[in-house]
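Here is the structure we will look at, set down as structure tokens.
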2 protein chains.
Amino acid sequence: MNDTGYSCQQVMRITGLTRRQLSYWRKTGLVVPQDNTRGGHARYSFADLLALKTARKLIDAGVSVQRIRRSITSLTGFLPSCNAPLTELSLVATGDVILVLHREAAFEALSGQEWIYPVAELEREAASIRGEMAPEQNDLFEQSLPARQEAVQQ
Amino acid sequence: MNDTGYSCQQVMRITGLTRRQLSYWRKTGLVVPQDNTRGGHARYSFADLLALKTARKLIDAGVSVQRIRRSITSLTGFLPSCNAPLTELSLVATGDVILVLHREAAFEALSGQEWIYPVAELEREAASIRGEMAPEQNDLFEQSLPARQEAVQQ
DNA sequence: AACGGACAAAAATAACTGTTTTTGTCCGTT
DNA sequence: AACGGACAAAAACAGTTATTTTTGTCCGTT
């Protein structure tokens with residue numbers, strides 16, 4: 001119990017969220033205020049504010065609340081050291097996807113699938129083709145050629 | 001007509017795509033070889049190779065061919081100066097989304113919607129709250145307060 | 001001021017359908 | 001070696017419905 005936290009009204013003004021949303025999110029565990037007054041009224045911490053702000057921005061970007069929920073649970077699975085994804089992680093999003101930027105890599109919040117940078121690789125590869133290969137003989141790119149069968153008919 | 005391009009077999013080895021795919025993509029206009037031999041056989045240019053490689057990588061990342069098609073048409077709409085999105089743009093993708101990195105910004109290939117970086121903004125905002133605001137009075141964050149009505153009941 | 005409850009509208013999702021797209025495979029031709 | 005055609009399996013998609021989630025609104029309580 002402490003009285004230093006942010007009240008419901010303040011949070012509404014700060015985040016632009018409605019009382020209904022705060023209430024529902026509290027009840028369903030999306031963002032639960034850290035403290036309460038003696039009367040049982042919510043007091044949001046600064047970290048709570050950040051989480052709410054992030055949620056708001058994701059919503060503005062078209063992400064549904066359900067998707068945010070699922071992302072949070074999946075992220076705390078992928079990154080056990082992360083307790084509060086909404087406040088701790090670098091997120092990027094549009095309607096369909098939440099991307100997590102983490103240690104130079106990017107992966108999707110829901111599936112955990114890592115994103116590829118096709119073009120970045122391509123630039124390196126392009127150089128090698130240009131320099132080293134004549135159109136006639138080149139197997140630099142080969143994904144997994146079993147034993148160099150010539151001209152397989154697929 | 002020239003004979004310096006890459007033959008179908010070579011392209012298959014280089015890109016890991018099947019003959020069927022090359023054939024179908026040629027027929028449907030996804031990637032059409034730049035040249036032909038006198039006999040009417042395909043000769044892929046280096047740029048074609050890059051496009052094929054990129055397509056392959058997108059597919060590996062779970063993007064469907066249909067989505068690639070739609071992304072290409074939408075991108076040539078957004079960026080009229082870009083004739084061959086697959087070879088010219090920086091793309092990042094997972095199954096659901098293709099992101100285009102373009103001039104410091106990121107936007108989705110299909111919708112053109114720009115991605116937001118909630119946390120980047122948050123860091124700046126966090127500083128201002130921490131520094132300037134006591135929990136009691138703070139409307140720095142206010143989205144669009146009409147005329148400062150106190151405590152609106154929503 | 002803030003809470004909670006109850007009812008309804010809106011939004012998002014899941015589950016299903018039929019259709020289209022994409023690929024594999026086989027075959028004959030150049 | 002490469003092409004094209006034809007048939008079928010697999011994958012992706014669009015469109016629909018029913019269900020669940022989320023929000024708005026009103027009301028009474030502390």
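Scope of the values below: all heavy atoms of this structure, side chains included, with no hydrogens, waters or symmetry mates. Numbered from 1 within each chain, the chains take letters A, B, ... in sequence-line order.
Residue B:Ser7 has no polar side-chain atom (N or O) positioned under 4.0 Å from OP1 or OP2 of D:dA1.
Distance, B:Leu58 CG to D:dA11 P: 19 Å, rounded to whole Å. Atom CD1 of A:Ile68 and atom P of C:dT13 are 10 Å apart (whole Å). D:dA1 atom P lies 12 Å from atom CZ of B:Arg43, rounded to whole Å. Summarising the geometry, the separation between CD1 on A:Ile59 and P on C:dA10 is reported as 19 Å, rounded to the nearest angstrom. Taking atom CZ of residue A:Arg20 and atom P of nucleotide C:dA10, one finds them 16 Å apart after rounding to whole Å. The separation between A:Arg19 atom CZ and D:dC26 atom P is 12 Å, rounded to whole Å.
Closest non-hydrogen pair, A:Cys82 versus A:Thr76, comes out as O-CG2, 3.4 Å. Residues A:Arg43 and A:Gly5 come closest through the heavy atom pair CD-O, 3.6 Å.
Remark: side-chain polar atoms of A:Ser71 are not paired, donor with acceptor, to backbone N or O of A:Ala109 under 3.5 angstrom. A donor-acceptor contact shorter than 3.5 Å links the side chain of A:Asp48 to the backbone of A:Ser45. Not one N or O on the side chain of B:Glu88 forms a donor-acceptor pair closer than 3.5 Å with the backbone of B:Pro85. Distance alone, capped at 3.5 Å, is enough to place a donor-acceptor pair between the A:Arg56 side chain and the A:Thr15 backbone.
Proximity note for A:Arg26 (side chain, C-beta onward) versus D:dC3, C:dG24, C:dC3: the nearest is C:dC3.
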TODO: Kindly indicate, with the supporting measurements, whether the criterion side chain to side chain contact (heavy atoms under 4.5 Å, CB included) is fulfilled by A:Leu22 and A:Leu52.
DONE: CA-CA 9 Å; A:Leu22 293 177; A:Leu52 290 172; 3.9 Å; yes
Open item on the list: Please encode protein proximity along nucleotides 13-22 of chain D as a string of B, S and -, counting only heavy-atom distances under 4.0 Å.
Closed with: SS------SB
- [ ] Kindly express the pairing pattern of DNA chain D in dot-bracket notation, using | wherever a base pairs with another strand and counting only Watson-Crick or G-U pairs under 3.5 Å.
- [x] ||||||||||||||||||||||||||||||
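Looking at residues two or more places apart in sequence or on another chain, you find a side chain to side chain contact (heavy atoms under 4.5 Å, CB included) between A:Ala55 and A:Trp25, A:Leu86.
Residues B:Arg69 and B:Ser64 bring no donor and acceptor atom of their side chains to less than 3.5 Å of each other.
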